[in-house]
Amino acid sequence: MNNTILITGATSGFGKACALRFAKEGCQLVLAARRFDLLADLQKTLGNETPVHIMVLDVQDQQAVNSKLSSLPENFSTIDVLVNNAGLALGLEPAHEAELSDWNTMVDTNIKGLMYCARAILPGMVQRNRGHIVNIGSVAGDWPYPGGNVYGATKAFVKQFSRNLRADLFGTAVRVTNIEPGLAESEFSVVRFKGDRTKADKVYEGTHPITPEDIAEMIYWVASRPPHININRLEVMPTCQTWGPFAIHRDE
């Protein structure tokens with residue numbers, strides 16, 4: 001697979017695992033994240049055999065997204081696969097106790113950041129009549145849970161936006177996939193609980209969750225299907241996770 005892969009949120013979790021997986025297949029990488037030191041460390045890990053362009057980028061900044069993605073070095077400018085991975089959950093409080101600033105950050109990153117990157121990259125894909133947008137959604141976009149409020153709503157947006165992109169791209173060879181993981185162990189819960197690793201670790205206690213490497217393998221798989229195949233949506237949970245019963249509150 002001799003392609004150029006752009007990965008947002010590339011320095012941890014799913015993004016980092018994707019970088020390593022695509023590098024293994026001989027792809028060249030454009031890696032975007034907010035911290036230069038982590039990008040530089042990842043570039044060093046990938047070694048000299050993998051062509052890598054690193055880019056400090058906060059996807060919430062529309063002007064920066066447009067500027068940096070429109071001025072990539074010529075040999076990295078033809079993006080074949082965009083992995084729209086940057087995203088986060090903040091807090092698990094019920095809606096009436098949640099921090100509005102956390103809601104805004106989730107909307108700005110999970111919705112607006114994803115939109116900005118897709119809009120910047122899609123015209124080139126359509127012009128070349130090839131390319132693949134891989135959006136990272138969540139089972140939270142399909143199934144509600146207490147405390148999921150705005151996070152789940154942002155991932156529901158990702159699901160419908162992915163479907164609508166497919167409709168808009170009808171007649172082209174540009175593909176769109178929404179990957180929807182369930183319980184996955186990465187930095188996700190550490191971020192959600194604002195650095196409280198003890199609290200984050202309890203989420204995975206006694207479970208066998210999905211790993212970032214599992215998701216990277218799935219992303220590579222959907223991106224490496226023959227050009228006439230589009231995997232619209234891939235929902236995946238670990239075997240230890242399933243849906244709960246209906247909740248029924250009974251008066252005392």
Side-chain angles (χ1 to χ4, degrees), residues 1 5-27 29 31-35 38-39 41-47 50 52 81-90 92 106 109-110 114 132-143 145 147-148 151-152 154-155 158-159 162 177-225 231 233-244:
M1 187 178 184
I5 318 297
L6 167 59
I7 303 169
T8 65
T11 53
S12 65
F14 301 161
K16 183 176 181 179
C18 280
L20 295 170
R21 183 66 183 88
F22 279 100
K24 185 178 174 182
E25 301 301 324
C27 299
L29 305 173
L31 304 179
R34 290 180 297 173
R35 290 182 53 182
L38 296 180
L39 284 166
D41 287 347
L42 180 54
Q43 186 175 33
K44 181 184 279 189
T45 298
L46 289 164
T50 301
V52 178
V81 179
L82 165 62
V83 181
N84 249 331
N85 170 67
L88 77 169
L90 291 172
L92 202 58
M106 287 187 280
T109 307
N110 301 355
L114 181 138
H132 197 159
I133 305 285
V134 180
N135 293 324
I136 305 300
S138 170
V139 296
D142 298 307
W143 315 106
Y145 61 85
Y151 173 70
T154 65
K155 293 304 185 177
V158 174
K159 174 177 66 177
S162 300
T177 300
N178 183 29
I179 306 287
E180 301 181 2
L183 183 71
E185 187 169 11
S186 64
E187 294 295 305
F188 178 84
S189 288
V190 176
V191 173
R192 164 166 261 172
F193 297 121
K194 300 179 180 177
D196 189 335
R197 189 166 289 277
T198 300
K199 199 171 183 180
D201 288 345
K202 286 187 179 299
V203 174
Y204 309 105
E205 204 170 82
T207 71
H208 189 176
I210 299 167
T211 68
E213 291 72 25
D214 294 329
I215 296 300
E217 191 63 44
M218 294 172 205
I219 292 171
Y220 174 73
W221 180 77
V222 301
S224 60
R225 294 309 85 208
I231 308 298
R233 174 174 172 258
L234 186 57
E235 180 188 293
V236 54
M237 292 180 179
T239 308
C240 65
Q241 183 183 32
T242 188
W243 304 276

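- Taking each heavy atom of Met237 and Thr242 in turn, the nearest pair found is SD-CA, 4.1 Å.
- Interatomic distance, Asn178 CG to Lys155 NZ, rounded to the nearest 0.5 Å: 8.5 Å.
- Around atom CZ of Arg225, more than 12 heavy atoms belonging to other residues, nucleotides or ligands sit under 6.0 Å away.
- Partner of Ile179 under the side-chain contact (heavy atoms from CB on, under 4.5 Å) criterion, chosen from Asn135, Ile231, Ile219, Val158: Ile219.
- Side-chain atoms of Tyr204 come within 3.5 Å of backbone N or O of Ala184 as a donor-acceptor pair.
- A salt bridge links Arg21 with Glu217; the closest basic N to acidic carboxylate O contact falls under 4.0 Å.
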message: Go through it in stages, so that I can follow the logic: the residues are Asp201 and Glu205, the test is side-chain contact (heavy atoms from CB on, under 4.5 Å), and I'd like the CA-CA distance, side-chain angles, deciding distance and then a yes or no.
response: CA-CA 6 Å; Asp201 288 345; Glu205 204 170 82; over 6 Å; no
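- Of the N and O atoms on the side chains of His132 and Thr177, at least one donor lies less than 3.5 Å from an acceptor on the other residue.
- By the neighbour-count criterion of 12 heavy atoms within 6.0 Å, atom NZ of Lys16 is sparsely surrounded, having that number or fewer from other residues, nucleotides or ligands.
- One finds the OH atom of Tyr145 at 6.0 Å from the OH atom of Tyr151 (value rounded to the nearest 0.5 Å).
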- prompt: For Ile133 and Val81, what are the C-alpha separation, side-chain angles and deciding distance, and is it a side-chain contact (heavy atoms from CB on, under 4.5 Å)?
  reply: CA-CA 6 Å; Ile133 305 285; Val81 179; over 6 Å; no
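- Interatomic distance, OG1 of Thr109 versus CG of Leu114, reported as 10.5 Å (0.5 Å rounding).
- Counting all heavy atoms, side chain and backbone alike, Pro238 lies closest to Pro209 at CB-CA, 4.1 Å.
- A donor-acceptor distance shorter than 3.5 angstrom exists from the side chain of Asn110 to the backbone of Leu88, with no hydrogens or angles considered.
- Between the side chain of Thr50 and the backbone N or O of Gly47 there is no donor-acceptor pair closer than 3.5 Å.
- Atom CD of Glu213 and atom CG of Leu20 lie 8.0 Å apart (nearest 0.5 Å).
- Closest non-hydrogen pair, Cys240 versus Leu183, comes out as SG-CD2, 4.3 Å.
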Identify each donor-acceptor pair in which a side-chain atom of residues 5-14 lies under 3.5 Å from a protein atom, sequence neighbours left out, and give them as a table.
| residue | atom | partner | partner atom | Å |
| --- | --- | --- | --- | --- |
| Thr8 | OG1 | Asn85 | N | 2.9 |
| Thr8 | OG1 | Ala86 | N | 2.9 |

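- Interatomic distance, Cys27 SG to Tyr220 OH, rounded to the nearest 0.5 Å: 7.0 Å.
- Side-chain atoms of Thr211 come within 3.5 Å of backbone N or O of Asp214 as a donor-acceptor pair.
- Across all their heavy atoms, Leu90 and Met106 have their closest contact at N-SD, 3.4 Å.
- Formation of a donor-acceptor pair under 3.5 Å by the Asn84 side chain with backbone atoms of Val134 is not found in this model.
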- request: Please lay out, stage by stage, how Asp142 and Lys159 fare under the test side-chain contact (heavy atoms from CB on, under 4.5 Å).
  value: CA-CA 8 Å; Asp142 298 307; Lys159 174 177 66 177; 2.8 Å; yes
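- Between Leu42 and Leu31, the shortest heavy-atom contact is CD2-CD1, 3.7 Å.
- Between Arg233 and Glu180, at least one side-chain N (NZ, or NE/NH1/NH2) sits under 4.0 Å from a carboxylate O, which counts as a salt bridge.
- Between atom CD1 of residue Ile215 and atom OG of residue Ser186 there is a gap of 9.5 Å, rounded to the nearest 0.5 Å.
- For the residue pair Arg192 and Gly147, the shortest heavy atom distance occurs at NH2-O, 4.3 Å.
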